[in-house]
Amino acid sequence: MLLENSIIFLSAIMRIALISDIHANVFALEAVLNAINNQGCDLVINLGDILYGPISPRETFECLEANNCLTIKGNQDDDIIIAARQSSAQPNPTLAWVLEQLPSRAVQWLAELPDEITLEEVYVCHGAPGNNCLYLTEDVSTGLPYPRSDANIQQQLAGTTQPVIVCGHSHLPRAIWLESNQLVVNPGSVGLPAYRDDLPHPHAMETFSPHARYCLLDKTQHGWQVSQQQVPYPHLEAAKLARSRNRPDWAYALMTGRAVVTG
């Protein structure tokens, strides 16, 4: 069973594992969870964008069913929920295939997930507070991701006061210390190391390697310690499945950590 999204007090928690943006890549998820299980983690937090992708959505859900994670939903989890509810809608081919693969209990589980949670000292969201489609720490107006200014990040935080803010969405590992003495952490993506998108501006996110990524967040006597992690996994198997489902762009990203050049 999946861990209930209840109040968690962190005074007894020393090590948190952060995972995000699995995107139906069960091969990467299994490798990351195996690594986490060997690192003495007290809590695993899943930051959303879980089951959308041309790889293994059903198997990804079943893997998460067998592992306790505190979970929120991301913007593409919302896409699955909306498409499942609107029978007259015409989802894109990948989304339509995902819906065919998922059992009804998986869609129901997504629908019941919160958009954000607060764990005492840690605020958890997918994109930014109140907006799962916003990159909290990246400005992509030039077509490439550049870190936002301190003032701009503070603006996106919209008054969030927790000393640690964790987010996903961009697929890029980050740890940014703000002048407000707040730490913003993005663990990167478990299952998709690169992609292109047209919103809010045409841009590319790239990590330049095929590794699965996650993060360890340790509460120490001197403050919070961040350790970005990357692990190898059978990425060629994931790429092969993506290509077989008519997503050569995903296959290229999974093999190289680079986004397909367009235009």
Side-chain angles (χ1 to χ4, degrees), residues 1-51 59-74 77 109 113-127 136-137 162-176 182-193 207 209-233 235:
M1 295 295 292
L2 303 179
L3 191 68
E4 294 293 332
N5 291 303
S6 56
I7 296 174
I8 303 293
F9 296 98
L10 297 182
S11 57
I13 292 174
M14 301 302 295
R15 169 165 283 187
I16 300 170
L18 304 175
I19 64 175
S20 190
D21 297 279
I22 301 166
H23 283 289
N25 189 341
V26 71
F27 303 98
L29 176 62
E30 288 175 344
V32 163
L33 291 177
N34 284 338
I36 289 170
N37 287 338
N38 292 327
Q39 291 173 310
C41 295
D42 302 289
L43 177 66
V44 181
I45 302 178
N46 176 4
L47 304 177
D49 273 11
I50 306 164
L51 302 179
E59 292 81 358
T60 298
F61 173 68
E62 291 171 348
C63 179
L64 289 169
E65 275 193 307
N67 289 272
N68 286 337
C69 299
L70 188 65
T71 303
I72 64 172
K73 64 175 179 283
D77 300 316
W109 171 66
L113 294 176
D115 291 311
E116 53 195 46
I117 52 177
T118 300
L119 309 178
E120 207 170 23
E121 298 175 41
V122 181
Y123 175 83
V124 180
C125 61
H126 175 71
L136 177 57
T137 60
Q162 279 70 29
V164 180
I165 297 96
V166 298
C167 61
H169 189 47
S170 73
H171 296 209
L172 300 179
R174 297 276 191 199
I176 297 178
Q182 291 172 290
L183 177 64
V184 181
V185 180
N186 188 322
S189 173
V190 170
L192 183 61
T207 58
S209 85
H211 294 80
R213 288 171 169 79
Y214 67 102
C215 179
L216 298 177
L217 188 61
D218 288 286
K219 187 179 181 182
T220 75
Q221 62 179 335
H222 301 296
W224 290 93
Q225 176 178 307
V226 179
S227 178
Q228 300 285 2
Q229 306 282 317
Q230 59 182 39
V231 295
Y233 75 97
H235 62 280

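Looking at Thr207 and Arg213, their side chains come closer than 4.5 Å, going by heavy atoms from C-beta outward. Using a 4.5 Å heavy-atom threshold, the side chains of Leu119 and Leu70 count as touching. Annotation: side chain of Leu29 is not in contact with side chain of Asn67 (no heavy-atom distance under 4.5 Å). Contact annotation: the side chain of Asp21 approaches that of His171 to within less than 4.5 Å [non-hydrogen atoms, C-beta and beyond]. With contacts defined as side-chain heavy-atom distances shorter than 4.5 Å, the pair Val226/Leu216 does not qualify. By the 4.5 Å heavy-atom criterion applied to side chains, Leu64 and Ile22 are counted as neighbours. Contact check for Val26 versus Thr60: side-chain heavy atoms found under the 4.5 Å cut-off. Side-chain contact between Val32 and Val231 is present, with at least one heavy-atom pair separated by less than 4.5 Å.
In this structure, CD1 in Ile19 is found 7.0 Å from OG1 in Thr71, a value given to the nearest 0.5 Å. Atom CD1 of Ile16 sits about 9.5 Å away from atom SG of Cys41, to the nearest 0.5 Å. Note: Asp49 CG to His126 NE2 = 3.5 Å, rounded to the nearest 0.5 Å. Distance check, rounded to the nearest 0.5 Å: CD1 of Ile36 to SG of Cys69 gives 7.5 Å. The distance from the CG atom of Leu217 to the CD1 atom of Ile45 is 8.0 Å, given to the nearest 0.5 Å. The CD atom of Gln182 sits 11.5 Å away from atom OH of Tyr123, with the distance rounded to the nearest 0.5 Å.
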Report task. Step by step, work out the side chain to side chain contact (heavy atoms under 4.5 Å, CB included) result for Val122 and Val166. Result -> CA-CA 7 Å; Val122 181; Val166 298; 4.1 Å; yes

Report task. Report the C-alpha separation of His211 and His235 in whole Å, then their side-chain angles, then the decisive distance to 0.1 Å, and conclude whether the ring pair (Phe, Tyr, Trp, His ring centres under 6.0 Å) test is met. Result -> CA-CA 8 Å; His211 294 80; His235 62 280; 7.8 Å; no

Requested in this report: Start with the C-alpha gap between Cys167 and Leu47, add the side-chain angles, then the distance that decides, and say whether side chain to side chain contact (heavy atoms under 4.5 Å, CB included) holds.
Outcome: CA-CA 7 Å; Cys167 61; Leu47 304 177; 5.6 Å; no

Requested in this report: Show your working on side chain to side chain contact (heavy atoms under 4.5 Å, CB included) between His23 and Asn25 and close with a plain yes or no.
Outcome: CA-CA 6 Å; His23 283 289; Asn25 189 341; 5.6 Å; no

Query - Verdict with reasoning, Val44 to Asn68, per side chain to side chain contact (heavy atoms under 4.5 Å, CB included) - result: CA-CA 7 Å; Val44 181; Asn68 286 337; over 6 Å; no

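Considering every non-hydrogen atom in both Leu192 and Ser189, the closest pair reads N-OG, 2.9 Å. When every heavy atom of Thr137 is checked against every heavy atom of Arg174, the shortest pair comes out as OG1-CG, 3.9 Å. Between Ser20 and Pro187, the shortest heavy-atom distance links the atoms CB-CG, 3.9 Å. Counting all heavy atoms, side chain and backbone alike, Lys73 lies closest to Asp115 at CE-OD1, 3.3 Å. Nearest approach of Tyr233 to Ala28, heavy atoms of both residues: CD1-N, 3.5 Å. Heavy atoms only, all atoms of each residue included: Ala24 and Leu51 are closest at CB-O, 3.6 Å.
The backbone N or O of Ile50 lies less than 3.5 Å from a partner atom in the side chain of Asp77, making a donor-acceptor pair. Side chain of Thr118 to main chain of Glu120: no donor-acceptor pair is present (N/O by atom type, distance under 3.5 Å, no hydrogens or angles).
In this structure, Arg15 pairs ionically with Asp218, as a charged nitrogen and a carboxylate oxygen lie closer than 4.0 Å.
Looking at Tyr214 and Gln39, their side chains do bring a donor and an acceptor atom within 3.5 Å of each other. Using modelled atom types, one finds a donor on one side chain and an acceptor on the other under 3.5 Å when comparing Ser227 with Gln229. A side-chain donor-acceptor contact under 3.5 Å links Glu121 and Trp224.
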